[in-house]
S.K.: 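Take a look at this one; I'll ask things after.
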Amino acid sequence: MRVVGVTGATGFIGSSLLAAFLERGWGAVAFGRRALPDGAARGITARPYVLGDDAPDLTGLDLLVHCAYDPQADNVAAAAALVRRARAEGVPRVLFVSSLSAQTDAGSAYGREKAACERSFDAARDLIVRPGLVIGNGGLFARMRDSLRRMPLAPVVDGGRQPVYGIGIDDLAGAIVELVEAGACGSYVLASPEPLALRELLRAIARGVGRGIVLVPVPYALLLACAAIVERLRLPLDLGVERVRSLRNLRAFSVPSYPEIARPFASLPSVLAALA
Ligand SMILES: NC(=O)c1ccc[n+]([C@@H]2O[C@H](COP(=O)([O-])OP(=O)(O)OC[C@H]3O[C@@H](n4cnc5c(N)ncnc54)[C@H](OP(=O)(O)O)[C@@H]3O)[C@@H](O)[C@H]2O)c1
């Protein structure tokens, strides 16, 4: 691999991928609406990219990693435009950071949108990774942690028994490097095989920030109605309709293992303990 371009390079996952690629000695181009503060010093080339605008200049890339996501934008059209441009400019393949929740019948609009984005990619040449909840100092996990730090109280549906599949950020970056080096294409679920029940995850996160947690049992319909009110009144609470609907995406399944990925993923309790 010579040159990898990353959209969303300023984000939690994109910045970790960029660091992993640089460690392998690969050239890196960061596509984004703001520059990485230390990008030039680390030898990273910056090219402007605003998701939703025209696809950026992709010349000279051996791989484009599409990691940016904007809940306010048309992510499906943006992914399609990037793929078209990559093909036109001879980029050999594109890696899309999708999600474990990517299903055409997902409970959340996010999951359905990710599934729709995936359709722009060609399984015979591109690589689609579907991570579970990524555990580290950023992204959704950090937002959950900050919220529990502020207010150690969480409404739970069905006692919070829903299985959450996740992966540590270092395991995710390592697995993606292995897949790229192996020339893998098609779809890969990236998650530790043993899930944690949502209530156990919430308890572990609260323990990690030195708080106890109160889990409040709530029926799904009531929680959804409360989330709608919180959104409508713009109350400063970490509760949204999408987040509640995403509970419907949490179901048990068997996480496949892949011959291209040699390192076993750390268990979620050990990843959480290492972060605390
Ligand atoms: N975190 C998880 O647990 C998780 C799990 C599964 C899948 N994923 C997927 O992984 C990807 C990255 O997630 P993350 O957790 O790293 O999120 P993040 O930290 O919020 O990063 C999002 C990135 O997208 C960029 N971005 C947002 N809107 C943009 C726009 N309009 N134009 C250009 N760039 C824009 C952001 O740039 P700015 O710095 O300019 O805002 C940032 O670099 C997403 O596709 C997400 O769906 C995440």
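Note that ligands are numbered from 1 as they come in the structure, with each ligand's atoms numbered from 1 the same way. In what follows, every heavy atom counts, from backbone to side chain, and hydrogens, waters and symmetry copies are set aside. Keep in mind that what you see is a predicted model, and the values were worked out from it rather than measured.
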S.K.: Looking only at distances, please establish whether an N/O atom of ligand 1 is found under 3.5 Å from an N/O atom of Leu51.
M.R.: yes

S.K.: Among all protein heavy atoms in this structure, tell me which lies nearest to atom 27 (C) of ligand 1, with the distance rounded to 0.1 Å.
M.R.: Tyr69 O, 3.2 Å

S.K.: If we ignore angles and hydrogens, is there a donor and acceptor under 3.5 Å between the side chains of Tyr188 and Glu260?
M.R.: yes

S.K.: Output yes when the distance from some N or O of ligand 1 to some N or O of Gly32 is under 3.5 Å, and no in every other case.
M.R.: no

S.K.: Is there a donor-acceptor contact under 3.5 Å from the side chain of Thr7 to the main chain of Phe31?
M.R.: no

S.K.: Please confirm whether Thr10 comes within less than 3.5 Å of ligand 1 when only nitrogen or oxygen atoms on both sides are compared.
M.R.: yes

S.K.: Would you say Phe31 touches ligand 1, if touching means a heavy atom closer than 4.0 Å?
M.R.: no

S.K.: Hey, are the side chains of Arg145 and Asn137 touching, using non-hydrogen atoms and a 4.5 Å cut-off?
M.R.: yes

S.K.: Should we count CG of Asp54 as having more than 12 external heavy atoms under 6.0 Å?
M.R.: no

S.K.: If we only consider heavy atoms of Ser98, is any one of them less than 4.0 Å away from an atom in ligand 1?
M.R.: yes

S.K.: For ligand 1, which is the ligand I care about here, please tell me if Val50 has any N or O atom under 3.5 Å from one of the ligand's N or O atoms.
M.R.: no

S.K.: What about Pro131: any of its N or O atoms under 3.5 Å from an N or O on ligand 1?
M.R.: no

S.K.: What do we get for Phe141 next to ligand 1 when only non-hydrogen atoms under 4.0 Å count, side chain, backbone, both or neither?
M.R.: neither

S.K.: So which protein heavy atom does atom 34 (N) of ligand 1 come closest to, and at what separation?
M.R.: Ala68 CB, 3.9 Å

S.K.: Measure from the side-chain N and O atoms of Arg47 to the backbone N and O of Asp57, and report whether any donor-acceptor pair falls under 3.5 Å.
M.R.: yes

S.K.: For ligand 1, is there an N or O atom under 3.5 Å from any N or O atom of Arg33?
M.R.: yes

S.K.: Yes or no on ring-ring contact (aromatic ring centres under 6.0 Å, His included) for Tyr110 and Tyr69, after CA distance, side-chain angles and deciding distance?
M.R.: CA-CA 10 Å; Tyr110 170 78; Tyr69 176 80; 5.2 Å; yes

S.K.: Is any N or O atom of Gly139, backbone or side chain, closer than 3.5 Å to an N or O atom of ligand 1?
M.R.: no

S.K.: What's the shortest distance from atom 31 (N) of ligand 1 to any protein heavy atom, and which residue and atom give it?
M.R.: Asp70 OD2, 2.8 Å

S.K.: Quick one: does Cys67 get within less than 4.0 Å of ligand 1, heavy atoms only?
M.R.: yes

S.K.: Could you pull out, from Arg143, Arg130, Lys114, the option with a heavy atom nearest to atom 45 (O) of ligand 1?
M.R.: Lys114

S.K.: With heavy-atom distances below 4.5 Å as the criterion, would you say the side chains of Val3 and Thr45 are in contact?
M.R.: no

S.K.: Do you know the tightest heavy-atom contact between Ala154 and Ile213?
M.R.: CB-CD1, 4.2 Å

S.K.: Hey, does Leu148 have a side-chain heavy atom less than 4.5 Å from the side chain of Leu202?
M.R.: yes

S.K.: Does a side-chain heavy-atom distance below 4.5 Å link Val180 with Leu95?
M.R.: yes

S.K.: Please work out which of Ala79, Ala78, Gly132 has its closest non-hydrogen atom nearest to atom 5 (C) of ligand 1.
M.R.: Gly132

S.K.: Can you name the atoms of ligand 1, numbered from 1 with element, that are less than 4.0 Å from a heavy atom of Val97?
M.R.: 9 (C), 10 (O), 45 (O)

S.K.: Could you work out, for atom 48 (C) of ligand 1, the closest of Thr7, Leu172, Ile13 by heavy-atom distance?
M.R.: Ile13

S.K.: Identify whether the distance between the nearest side-chain nitrogen and carboxylate oxygen of Arg263 and Asp170 falls below 4.0 Å.
M.R.: no

S.K.: Checking contacts now, so for atom 20 (O) of ligand 1, which I'm interested in, is there any protein heavy atom under 4.0 Å?
M.R.: no

S.K.: What do you reckon, does Gly8 have a nitrogen or oxygen under 3.5 Å from a nitrogen or oxygen of ligand 1?
M.R.: yes

S.K.: Relative to Tyr165, does Arg130 satisfy both conditions: NZ or CZ under 6.0 angstrom from the six-membered ring centre, and within 45 degrees of the ring's axis?
M.R.: no

S.K.: For atom 3 (O) of ligand 1, find the nearest protein heavy atom and state the residue, atom name and distance (0.1 Å precision).
M.R.: Val134 N, 2.9 Å

S.K.: I'd like to check Phe265 versus Val255 (side-chain heavy atoms, cut-off strictly below 4.5 Å). Are they in contact?
M.R.: no

S.K.: Should you measure from each heavy atom of Tyr110, which atoms of ligand 1 turn up under 4.0 Å away?
M.R.: 7 (C), 8 (N), 9 (C), 46 (C), 47 (O)

S.K.: Would atom 17 (O) of ligand 1 count as contacted, meaning some protein heavy atom under 4.0 Å?
M.R.: no

S.K.: Keeping Tyr258 on the side-chain end and Val189 on the backbone end, is there a donor-acceptor pair under 3.5 Å?
M.R.: yes

